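Everything numeric in this text was worked out from a predicted model, so none of it was measured. Each ligand, and each atom within it, is numbered from 1 in the order the structure gives.
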Amino acid sequence: MKKLIAGNWKMNGSVATAQTLTEDIARAVAAEPALLEKNDFLICPPFLHLSAVRAVVIPMKAPIDFGGQDCAHTEDGAYTGDISADMLHDFGCRYVIVGHSERRQHHNETSELVAAKASRIHAKGMIAIICVGEKENERGAGHEKDVVGQQIGHSLPSSATAENTVIAYEPVWAIGTGKSATPEDIRVMHRFIREKLQEKLEDSGRVRILYGGSVKPDNAAALFAVENVDGALIGGASLKADQYIGIAQAA
Ligand code: PGA
């Protein structure tokens with residue numbers, strides 16, 4: 001399975017920096033075609049910067065997918081400020097991230113809401129990247145598997161298959177802190193996630209499970225060597241082309 005190198009730009013940058021960053025990434029991938037043998041590339045900019053990314057990717061024919069960082073739980077209607085999966089599909093997105101811990105935390109998103117969003121993504125033939133992960137106090141209390149097991153149990157809609165679903169395990173305490181989980185923590189949790197997926201999906205062995213949380217070029221090789229780590233969801237390091245590409249080079 002190729003590694004999915006997914007950049008989550010979060011709420012950063014401008015139209016101009018989105019364009020430059022995409023150009024730099026596209027040039028780096030074009031200069032090193034061997035990267036494509038081991039990796040699939042995805043960037044998820046803020047909604048307003050998707051058009052700047054697309055305006056680079058399409059004319060350069062860059063082998064880079066782009067996607068949303070979130071979407072609405074329903075098709076259309078009176079939802080001021082929301083963007084639907086249908087709109088993202090119409091725009092050319094292939095992936096949408098849902099259930100990121102920052103959405104669960106700052107927007108009180110529940111796993112049931114995440115499942116409704118993923119269901120809309122699947123209905124449009126796109127791939128949902130469903131994020132799960134425990135908080136520091138939950139791990140401290142030894143509850144990390146309960147938390148992640150519950151999130152997996154409730155965040156996947158009945159439409160989920162290996163083709164349309166990616167899981168991103170992101171321990172909340174590792175996001176943006178520079179403190180990545182250890183390879184052993186990740187091995188144990190990714191195996192657990194694989195087992196939970198077996199209860200829900202027929203083809204669970206083929207679901208990609210990404211790790212996210214302070215992935216950098218210097219720890220990526222060790223993380224990618226862990227069994228059941230099929231890529232990375234990258235925040236901070238995805239905002240610098242050399243770091244993002246450095247992570248892909250580690251695959
Ligand atoms: P980070 O963020 O790489 O900056 O830790 C990861 C994420 O939140 O997806």
- prompt: What closest approach, in Å, do S214 and G178 show between heavy atoms, and which atom pair accounts for it?
  reply: OG-N, 2.8 Å

- prompt: Centre of F91's six-membered ring, under 6.0 Å away, within 45 degrees of the axis: is that where NZ or CZ of R54 sits?
  reply: yes

message: For K3, is there an ion pair with D40 - N to carboxylate O distance below 4.0 angstrom?
response: no

message: Heavy-atom contact check, 4.0 Å cutoff: does A174 meet ligand 1?
response: yes

- request: Would you tell me whether N228 and R194 have side-chain atoms, one donor and one acceptor, within less than 3.5 Å of each other?
  value: yes

Electrostatic pair K2-D230, nearest N-O below 4.0 angstrom: no

task: Mark the output for A237 as yes if a heavy-atom distance to ligand 1 is under 4.0 Å, and as no if none is.
output: no

field: Element-labelled atoms of ligand 1 that are located less than 4.0 Å from some non-hydrogen atom of N8
entry: 9 (O)

message: Distance under 4.0 Å to a non-hydrogen atom of L233: what atoms of ligand 1 satisfy this?
response: 6 (C), 9 (O)

H100 touching ligand 1 at heavy-atom level, < 4.0 angstrom: yes

- prompt: Where do I175 and E102 land on the side-chain contact (heavy atoms from CB on, under 4.5 Å) test, with the steps shown first?
  reply: CA-CA 10 Å; I175 295 176; E102 287 150 16; 3.5 Å; yes

statement: Here the pair of heavy atoms bringing S84 nearest to E75 is CB-O, 3.2 Å

query: Which ligand 1 atoms, with their elements, are less than 4.0 angstrom from a heavy-atom of G176?
result: 1 (P), 4 (O), 5 (O)

query: Which ligand 1 atoms does G213 reach within 4.0 Å, using its non-hydrogen atoms?
result: 5 (O)

query: Polar-atom distance check: K10 versus ligand 1, any N or O pair below 3.5 Å?
result: yes

query: Taking only heavy atoms of G236, which atoms of ligand 1 are found under 4.0 Å from at least one of them?
result: 1 (P), 3 (O), 4 (O)

- prompt: Under 3.5 Å between some N or O of ligand 1 and some N or O of I234?
  reply: no

field: Contact summary for M11 and P46, nearest pair of heavy atoms
entry: CA-CG, 4.4 Å

task: Would you mind listing which atoms of ligand 1 come within a distance below 4.0 Å of any non-hydrogen atom of S214?
output: 1 (P), 3 (O), 5 (O)

message: Could you tell me, atom by atom, which parts of ligand 1 come under 4.0 Å of a heavy atom of E170?
response: 6 (C), 7 (C), 8 (O), 9 (O)

query: How far is atom 3 (O) of ligand 1 from its nearest protein heavy atom, and which residue and atom is that?
result: G235 N, 2.9 Å

message: Test your reading of the model: is there a side-chain donor-acceptor pair from S155 to the backbone of I152, 3.5 Å cut-off?
response: no

